[in-house]
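First the structure, in the form of structure tokens, and then the observations on it.
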There are 2 protein chains.
Amino acid sequence: MSLRIALLGLLAAKGPASGYDLAKLFEGSLNHVWQAGHTQIYPELVRMAADGLLAVEAEGARGRKIYTIADEGSRQLHDWLADREPAVTVRSETALQAFLLPILDTDEAIAAVERVKARAQKRLDDLKCLPPVADNPKFGKYALRLGLAQTRATIEWADETLHALRTK
Amino acid sequence: MSLRIALLGLLAAKGPASGYDLAKLFEGSLNHVWQAGHTQIYPELVRMAADGLLAVEAEGARGRKIYTIADEGSRQLHDWLADREPAVTVRSETALQAFLLPILDTDEAIAAVERVKARAQKRLDDLKCLPPVADNPKFGKYALRLGLAQTRATIEWADETLHALRTK
DNA sequence: GGTTCATATGTAAGTCTTTACATGTCAAGT
DNA sequence: ACTTGACATGTAAAGACTTACATATGAACC
């Protein structure tokens with residue numbers, strides 16, 4: 001379901017696009033929000049078109065297909081955004097490592113937390129130089145700030161945890 | 001793979017336990033870290049026992065089965081924790097709503113962000129009165145702090161975003 | 001003319017996860 | 001004796017996601 005919403009949202013933000021275009025957007029700005037590869041996107045677009053959420057049009061000799069959001073698609077997107085209580089299914093390997101940290105001895109734990117911190121630092125840098133979606137600076141702005149806030153929180157946790165591990 | 005690790009970790013933290021016990025732990029302390037229902041846990045335990053990671057023992061008339069972590073299980077758990085670069089597959093409906101917020105008009109967006117904030121606030125309360133895993137206060141301590149830090153960051157984002165939406 | 005790379009789309013197999021169905025025990029309260 | 005609720009385990013089908021395989025065009029470079 002959420003994949004549908006993400007695709008509808010991108011088509012609303014960017015206008016008509018091909019599956020390939022959408023896959024590129026997932027690799028870019030959406031990557032820190034939701035992830036999907038082209039093998040998941042292509043069949044889903046076909047189903048969405050069959051369900052009347054999208055209009056399709058073939059273009060060029062290369063078999064490129066352009067999808068446009070239909071009224072029913074706009075409606076479902078809007079309703080989901082306005083009404084949906086977001087599900088909170090957490091599945092974070094980082095949090096799992098944090099949970100199980102006491103299994104490691106102190107120096108191994110320090111190394112693991114250092115890794116988490118380095119990763120978060122890199123993510124922070126990535127987020128800072130993220131291009132806007134389809135030259136549309138509105139989109140992704142709020143998600144970017146949320147990502148920055150949560151990533152900074154992770155770095156602070158790592159610093160606090162490293163301090164605790166080193167002084168014990 | 002991560003489900004295996006979570007199960008191994010719980011068995012290491014708590015000692016011998018049944019599938020039912022482990023499912024309860026997922027509903028409790030692990031819930032903010034990783035999620036799994038009993039329908040996923042029972043078959044996985046069977047596979048893990050078949051792979052030599054766990055020892056099984058039947059107990060009582062009620063068909064209760066007690067799993068104990070085997071040496072091979074301890075080894076794999078330790079290796080994963082010490083060596084694994086945590087995967088960062090983000091799939092957050094909250095972040096997706098944040099991403100697509102500009103599709104809503106201002107008052108709808110405010111309502112959506114209020115919902116996110118209320119949810120985070122509740123989560124914060126949940127985290128604060130979480131019981132320790134198997135009366136073992138070491139476990140979950142670091143994950144709890146990570147969860148608190150990230151949840152506080154989400155609330156700060158909501159406040160910042162509400163302010164931005166209301167003054168525009 | 002040939003190579004290489006980005007473009008562009010798909011299928012298939014396998015894994016992970018959710019939802020729905022199904023069964024039976026034990027303890028406590030009425 | 002009966003009911004209710006927590007305990008306890010499972011299967012099956014469907015849906016979501018990943019990984020590997022497969023194909024073909026157009027543009028740029030050498």
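Chain identifiers are assigned alphabetically (A, B, ...) following the order of the sequence lines, protein sequences preceding nucleic acid strands; residue numbering begins at 1 within each chain.
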TODO: Sorted by first residue and then second, give each ring pair (Phe, Tyr, Trp, His ring centres under 6.0 Å) pair with at least one member in residues 27-46 of chain B; sequence neighbours left out.
DONE: B:His38-B:Tyr42

Open item on the list: Assess the residue pair A:Arg47 and A:Asp51 against the criterion (salt bridge (Lys or Arg N to Asp or Glu O under 4.0 Å)); give the C-alpha distance rounded to whole Å, side-chain angles, the decisive distance to 0.1 Å, and a yes or no.
Closed with: CA-CA 6 Å; A:Arg47 282 190 293 266; A:Asp51 291 348; over 6 Å; no

Task: Selection: residues 77-98 of chain A, any non-hydrogen atom under 4.0 Å of DNA chain D - done: none

TODO: Could you list the residues that satisfy side chain to side chain donor-acceptor pair (under 3.5 Å) with A:Lys117, not counting sequence neighbours?
DONE: A:Asp159

Task: C:dT7 phosphate, OP1 or OP2, under 4.0 Å from A:Lys24 side-chain N/O - done: yes

Task: Phosphate contact (D:dC7 OP1 or OP2) by B:Tyr20 side-chain N/O below 4.0 Å - done: yes

TODO: List in numerical order all residues of residues 32-43 of chain B for which some heavy atom is under 4.0 Å away from an atom belonging to DNA chain D.
DONE: B:His38, B:Thr39, B:Tyr42

Task: A:Lys65 side chain, from C-beta outward: closest of D:dG10, C:dG10, D:dT9 - done: C:dG10

TODO: Figure out the CZ/C1' separation between A:Arg47 and D:dA14, and round it to whole Å.
DONE: 12 Å

TODO: May I have the distance from A:Asn31 (atom CG) to D:dC17 (atom C1'), rounded to whole angstrom?
DONE: 15 Å

Task: Interatomic distance, B:Leu7 CG vs C:dT17 C1' [rounded to whole Å] - done: 14 Å

TODO: Using the closest heavy atom to pick a nucleotide of DNA chain D for each, name whichever of B:Ile66 or A:Glu44 lands nearer the 5' end.
DONE: B:Ile66

Task: Length of the CZ-C1' vector between B:Arg64 and C:dG24, whole Å - done: 16 Å

Open item on the list: So, using side chain to side chain donor-acceptor pair (under 3.5 Å) as the criterion, who are the partners of A:Thr161 when residues are at least two apart?
Closed with: A:Trp157

Open item on the list: Using the side chain to side chain donor-acceptor pair (under 3.5 Å) criterion, which residues pair with A:Gln150? Sequence neighbours excluded.
Closed with: B:Thr154

Open item on the list: I'd like to know whether CD of B:Glu72 has more than 12 heavy-atom contacts from other residues, nucleotides or ligands below 6.0 angstrom.
Closed with: yes

- [ ] Quickly work out the A:Phe26 CZ to C:dA8 P distance and round it to whole Å.
- [x] 18 Å

Task: Pairwise side-chain hydrogen bond (donor to acceptor under 3.5 Å, both in side chains) hits with a residue in residues 98-112 of chain A, at least two apart - done: A:Glu108-B:His78

Open item on the list: Rounded to whole Å, please give me the gap between CG in B:Leu3 and P in C:dT17.
Closed with: 6 Å

Open item on the list: Once side chain to side chain donor-acceptor pair (under 3.5 Å) is applied, do any residues pair with A:Ser29, and if so which ones, sequence neighbours excluded?
Closed with: none

What pairs of donor and acceptor atoms, side-chain ones from residues 82-93 of chain A against any protein atom, are under 3.5 angstrom apart with sequence neighbours left out?
residue	atom	partner	partner atom	Å
A:Arg84	NE	B:Glu93	OE1	2.9
A:Arg84	NH2	B:Glu93	OE1	3.1
A:Arg84	NH2	B:Glu93	OE2	3.0
A:Glu85	OE2	B:Arg119	NE	3.1
A:Glu85	OE2	B:Arg119	NH2	3.0
A:Arg91	NE	B:Gln35	O	3.4
A:Arg91	NH2	B:Gln35	O	2.7
A:Ser92	OG	A:Thr94	N	3.4
A:Ser92	OG	A:Ala95	N	2.9
A:Glu93	OE1	B:Arg84	NE	2.9
A:Glu93	OE1	B:Arg84	NH2	3.0
A:Glu93	OE1	B:Ala87	N	3.0
A:Glu93	OE2	B:Ser2	OG	3.0
A:Glu93	OE2	B:Arg84	NH2	3.0

Open item on the list: Whole angstroms only, please: what is the CG-P distance between A:Leu22 and C:dT7?
Closed with: 14 Å

- [ ] Would you kindly give the CD-to-P distance between B:Glu27 and C:dT18, to the nearest whole Å?
- [x] 13 Å

